[in-house]
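Structure record follows, encoded as structure tokens.
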2 protein chains.
Amino acid sequence: MPAKPLPQPRKAPRQKRSLETVDAILAATAHILSKEGLEKATTNHIAARAGVSIGSLYQYFPNKESLVRALNDRHTQEILALLSRRFEEVREAPIPDAVRAIVRAMVDVHRHDPDLHRVLVQATPAVGAKVETRRLEAAAGRLLVGFFQARAAELRIQDFELSAFLLVQSVEALTHAAVLEHPGLLEDERFVEETTRMIVGYLTDGVEPAGKARRSRRKS
Amino acid sequence: MPAKPLPQPRKAPRQKRSLETVDAILAATAHILSKEGLEKATTNHIAARAGVSIGSLYQYFPNKESLVRALNDRHTQEILALLSRRFEEVREAPIPDAVRAIVRAMVDVHRHDPDLHRVLVQATPAVGAKVETRRLEAAAGRLLVGFFQARAAELRIQDFELSAFLLVQSVEALTHAAVLEHPGLLEDERFVEETTRMIVGYLTDGVEPAGKARRSRRKS
DNA sequence: TAAAAATGCGAGCTTTTACTCACATCCACC
DNA sequence: GGTGGATGTGAGTAAAAGCTCGCATTTTTA
């Protein structure tokens, strides 16, 4: 992979007028991506929809990639902010409640604008934005590891890093797959419940509230 | 999304000579995709690398998409064939062994040519080939559901379809994430073990060989 | 209010790239 | 060996889309 030209970031908007321009451009990008798809998202089309000239667009975004990147970054930030908050909230909650809250947070984020998320998932690798996704996954992983450390006594997992990787990837994939293939699942309580059950089982050993432990004995 | 023109499939190769041509084209596509990336994979470049004229390429592949599709289809078939075989083999194996075998199969498939897999994962959504991936997931899901039905007595899951969805998506995501971000993990025994443990825990209730059941009692 | 800076404009340039077509060559079959 | 179908060729076409640049307009500043 030969190094890309690496375009200089354009000047940042300073006046109110230009801030609105940038907003309009991003809004148009999001709208076109989610309603018309990636291939219809040409810079000229975006500029037109934003009610802005193509020249103005290139004053703030050095190239097409940076548009998708900007949207993706925003998305990424939102998710991370929400996750941080949730992790804070459940710091001392019972494990099942904590896990459920985190899973539900992920579902909620994606329920907001499924179309946009779908296209971002699809566009992100094509553009160079895999980096951002990776950063998000890493940050989420760190939050999880922190949680594990604080609650180590209640967990039976050994390698926190590895476990965090498994869970981050699984939950991300499940919400994405739901968005892409079974949008209905995002509204389905069972989806959150089963996912929670899987994770809690992995982290602890069984979800049953206590004492109700079942022992299915098989041939050793 | 307006319907695509849907290009007619070109004529199939009949003589040995042309079969070799088709092979060379596919090999070149795979090579360029895995070594130079998606954006370098122009039709002219592929034809050149294959030692074939651009005209010949278009005699057998109606458009660029169909090249990536053909590769992806082949990949998909391989995975499905391997999975079918493995599911057959473990039909009566203890659950943990069965799960481990399936997980390992997925890892093995991706270990073969990680670069190609990486690019396919990245290129597939950009091209229309999401369909094929979905078909694979559906087929894998059916294999899993079949397994669940045969072994229902040993499982505590209720909704086989939903559980199959969770597991198919999780395992696929984990192997892909490993390929993309931590290629080393594919060689790491712990990766297979932890993934297996997560799944077995979800399916049954705890992996401990029997009698060794642990009861971590928490505040109800 | 005048100069300077920031912002906005959009015709059109440039490059890229998928794809065609008219023709040459090879091979099977009689 | 000759005929017709299969196969191979690659210069060239056409369309798309990213992006520039010279200039107009608005806002800030002094």
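First the proteins, then the strands, lettered A, B, ... as listed; each starts at 1.
- For the pair Lys16(A) NZ and dA5(C) P, the interatomic distance rounds to 24 Å; values are reported in whole Å.
- Under 4.0 angstrom from either OP1 or OP2 of dA18(C) there lies at least one side-chain N or O belonging to Thr43(B).
- Between Glu132(A) and Arg135(A) a salt bridge is recorded (basic side-chain N to carboxylate O distance below 4.0 Å).
- If you check every strand for non-hydrogen atoms under 4.0 Å, Thr42(B) touches sugar and phosphate atoms only.
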Between His112(A) and His75(A), is the side-chain contact (heavy atoms from CB on, under 4.5 Å) condition met? List the steps. CA-CA 11 Å; His112(A) 173 54; His75(A) 172 204; over 6 Å; no

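- Under 4.0 Å is where a charged nitrogen must lie from a carboxylate oxygen, and between Arg104(B) and Glu189(B) at least one such pair does.
- Note: CD (Glu39(A)) to P (dA15(D)) measures 18 Å, nearest angstrom.
- As a whole-Å value, the separation of Asn44(B) CG from dA11(D) C1' is 11 Å.
- Between Ser18(B) and the phosphate of dG8(D), there is no side-chain N or O to OP1/OP2 separation shorter than 4.0 Å.
- Protein atom NZ of Lys64(B) is 9 Å distant from nucleotide atom P of dC19(C), rounded to whole Å.
- Toward the 5′ end of DNA chain C lies the nearest nucleotide of Tyr58(B), the other residue of the pair Gln15(B) and Tyr58(B) mapping further downstream.
- The NE2-P distance, from His45(A) to dG18(D), rounds to 12 Å in whole Å.
- Closest-nucleotide positions on DNA chain D for Arg17(A) and Ile54(B) were compared, and the one nearer the 5' end corresponds to Ile54(B).
- A salt bridge is defined here as a Lys NZ or Arg NE, NH1 or NH2 lying under 4.0 Å from an Asp or Glu carboxylate O, and Glu89(B) with Arg86(B) meets this definition.
- What separates CD of Glu20(A) from P of dT27(D) is a distance of 10 Å, to the nearest Å.
- Rounded to an integer number of Å, the gap from Leu57(A) CG to dC19(D) P is 10 Å.
- Proximity of a side-chain donor or acceptor of Arg151(B) to a complementary backbone N or O of Arg91(B) within less than 3.5 Å is detected.
- Rounded to an integer number of Å, the gap from Gln59(B) CD to dC21(C) C1' is 12 Å.
- Taking side-chain N and O atoms only, Tyr60(A) has a distance below 4.0 Å to OP1 or OP2 of dG8(C).
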